2 protein chains.
Amino acid sequence: MLKYQQTATEIEAYIERHALQQGDKLPVLDQLIRQFEVSKTTMTKALELLERKGIIFQVRGSGIFVRKTNRKGYIELFSTQGFKQNLVAHDIQSNVLSFELIPCPETIAENLGTTPGDMVYFVKRIRYIDGNIMCLEESYYRQAIVPYLNREIVEQSIFEYLETALGLNIGFSDMYMHVGKLPETIAEHLELEAGDPALTVETIFHLTNGRPFDYSVITYHYEHSQFVVQANGLYL
Amino acid sequence: MLKYQQTATEIEAYIERHALQQGDKLPVLDQLIRQFEVSKTTMTKALELLERKGIIFQVRGSGIFVRKTNRKGYIELFSTQGFKQNLVAHDIQSNVLSFELIPCPETIAENLGTTPGDMVYFVKRIRYIDGNIMCLEESYYRQAIVPYLNREIVEQSIFEYLETALGLNIGFSDMYMHVGKLPETIAEHLELEAGDPALTVETIFHLTNGRPFDYSVITYHYEHSQFVVQANGLYL
DNA sequence: TATTGTAATTGTACATGTACAATTAATCAA
DNA sequence: TTGATTAATTGTACATGTACAATTACAATA
């Protein structure tokens with residue numbers, strides 16, 4: 001683990017240990033540098049990381065403060081590593097409906113930047129959050145990048161396996177979201193009625209080297225899913 | 001404008017000028033440094049900024065590459081500065097339904113971190129994208145921070161006014177999203193039926209100094225809005 | 001009391017330099 | 001030709017140091 005990541009983790013622990021709340025002030029930069037025995041660059045990068053994660057915010061001339069969202073039970077949508085919940089870890093379970101190795105359909109191939117017919121693992125599963133149906137997920141993994149998957153892995157966390165066992169470096173993702181009415185075929189999986197509202201999120205996941213390896217379509221159960229996003233301003 | 005921001009802008013222009021496409025390689029770091037005549041730190045920060053904006057991605061040992069989303073017509077949800085579209089600017093219009101200065105309701109006060117009764121500007125407007133109804137927006141601005149607003153400003157871009165005319169520094173925001181069925185009262189504004197699906201996004205906007213100044217609830221028209229998010233991985 | 005000016009505090013921008021890790025290309029061995 | 005090894009390329013981590021801008025606190029002034 002990199003030093004600035006390690007430092008960030010330690011600062012998180014510090015915040016937790018001292019039970020700091022929204023708006024509370026951390027020690028000043030110089031003090032943090034001395035306290036955690038790192039260089040200014042490293043501390044600055046650690047703080048920047050925490051800022052991007054929505055843990056703190058920095059105010060020039062004033063100090064470094066704790067930033068916390070006060071609402072519970074919201075899912076963090078944009079942590080590239082699957083589902084990560086707001087502080088409290090929820091219980092995530094999966095029910096695998098389909099698992100097969102197939103030639104890539106044309107529309108999927110476009111999104112994965114490959115040719116139709118290239119072999120892909122297709123995974124279809126229902127995901128539960130604290131015992132409730134959260135979403136239906138349909139994913140396609142390029143076998144050229146993910147050489148092996150099995151039903152056992154797919155029942156657990158796929159991304160965990162990709163990172164830990166296969167050593168893949170997951171980089172960035174493009175997500176496309178829209179809201180619509182549930183078709184009958186999907187509604188029955190979510191135990192909802194056709195025509196009920198639903199959020200659909202298509203995501204194309206890339207490795208750090210830019211190669212797309214996973215295309216997934218997730219349809220969320222509107223009663224059992226709500227999301228929080230902590231955004232940081234970008235200049236124009 | 002800061003040097004690294006300026007540099008980032010120039011690199012964007014470079015990409016545009018050379019019509020670089022998804023996956024195309026930029027000059028190597030050293031070359032960029034010489035070409036744009038900045039230090040390594042500045043160039044690194046500029047590139048990091050472009051990476052966060054989803055314009056490029058960097059691969060150690062390999063190079064710097066252009067990252068582009070290929071789908072058009074999607075709204076970028078998370079550019080703190082109101083609505084910014086994917087490359088092509090859309091035509092955004094507003095129809096102001098209400099505009100008044102009122103004592104802050106209790107539930108709003110909680111979100112704005114103020115006391116009930118504190119004066120706030122309440123703005124309710126329909127927003128159109130390319131002539132279609134995009135959403136209904138209800139916003140509350142703390143008068144303590146936004147001393148003056150008028151109907152004319154509210155018909156245009158409020159954030160533009162806050163930044164340019166008032167010189168406010170908009171920092172970060174917390175967004176809460178959920179999907180549900182439209183109630184009759186909102187449906188009629190969007191020219192939809194009660195029970196139709198809708199995405200609702202509550203956002204609390206903060207200044208760079210951490211003070212919340214705007215609480216807004218936006219309900220999107222499900223047929224005229226779809227979103228793109230370019231996410232970058234965060235470590236665990 | 002209110003306001004203005006000023007100095008201390010504190011984080012950010014930026015430069016320079018060293019070391020290193022991941023990738024890619026070239027080389028060599030089988 | 002294939003596979004392993006090596007070397008060159010290229011971006012990232014990290015250290016140190018200077019200058020500066022935004023904030024805050026406090027003193028001076030009206």
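The chains referred to below are lettered A, B, ... by the order of the sequence lines, with proteins before strands, and numbering in each begins at 1. No experiment lies behind these values; they were computed from the predicted model shown.
In this structure, B:L32 places its CG atom 12 Å from C1' of D:dT10, rounding to the nearest Å. Note: CD1 (A:I56) to C1' (C:dT10) measures 14 Å, nearest angstrom. Distance A:N232 CG to C:dT12 P: 12 Å, rounded to the nearest Å. Between A:F57 atom CZ and D:dT23 atom P the separation is 12 Å, expressed in whole Å. In this structure, A:F65 atom CZ and D:dA22 atom C1' are separated by 12 Å, rounded to whole Å. Between B:Q5 atom CD and C:dC14 atom C1' there is a gap of 13 Å when expressed in whole angstrom units. Atom CG of B:L2 is separated from atom C1' of C:dC14 by 10 Å (rounded to the nearest Å). To the nearest angstrom, P of D:dA22 lies 15 Å from CG of B:L207.
Counting non-hydrogen atoms under 4.0 angstrom, B:L29 reaches a base of the nucleic acid. Within the 4.0 angstrom heavy-atom criterion, no nucleotide atom of any strand lies near A:L47.
A salt bridge is defined here as a Lys NZ or Arg NE, NH1 or NH2 lying under 4.0 Å from an Asp or Glu carboxylate O, and B:E12 with B:K53 meets this definition. Using a 4.0 Å cut-off between a side-chain N of Lys or Arg and a carboxylate O of Asp or Glu, B:R151 and B:E100 do not qualify as a salt bridge. Classification of A:R67 and B:D174 as a salt-bridged pair holds, one side-chain N sitting under 4.0 Å from a carboxylate O. Using a 4.0 Å cut-off between a side-chain N of Lys or Arg and a carboxylate O of Asp or Glu, A:R71 and B:E202 qualify as a salt bridge.
In terms of heavy atoms, A:Y161 sits closest to A:Y148 at OH-O, 2.8 Å.
Using a 4.0 Å cut-off, some side-chain N or O of B:S62 falls inside it from OP1 or OP2 of C:dT24. Look at A:Q58 and you'll find a side-chain N or O under 4.0 angstrom from OP1 or OP2 of C:dT12.
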Quick one, give me the B/S/- string for nucleotides 15-20 of chain D, reading 5' to 3', where B means a protein heavy atom under 4.0 Å from the base and S means that only happens at the primed atoms, P, OP1 or OP2. BBBB--

What does the B/S/- profile of nucleotides 2-8 of chain C look like, 5' to 3', with a 4.0 Å heavy-atom cutoff to protein? -------

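Two residues, A:T208 and B:K45, neighbour DNA chain C, and the one matched to the more 5' nucleotide by heavy-atom proximity is B:K45. For the pair B:N209 and B:T44, both in contact range of DNA chain D, the more 5′-proximal nearest nucleotide belongs to B:T44.
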B:S39/B:T42 under side-chain hydrogen bond (donor to acceptor under 3.5 Å, both in side chains): CA gap, chis, key distance, verdict: CA-CA 5 Å; B:S39 78; B:T42 304; 3.2 Å; yes

From CA spacing to verdict: side-chain hydrogen bond (donor to acceptor under 3.5 Å, both in side chains), A:R60, B:N209: CA-CA 8 Å; A:R60 166 153 60 182; B:N209 67 15; over 6 Å; no

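B:K25 places a side-chain N or O within 3.5 Å of a backbone atom of B:S62 that can act as its donor or acceptor partner.
In this structure, B:Q31 places its CD atom where more than 12 heavy-atom neighbours from other residues, nucleotides or ligands lie under 6.0 Å away.
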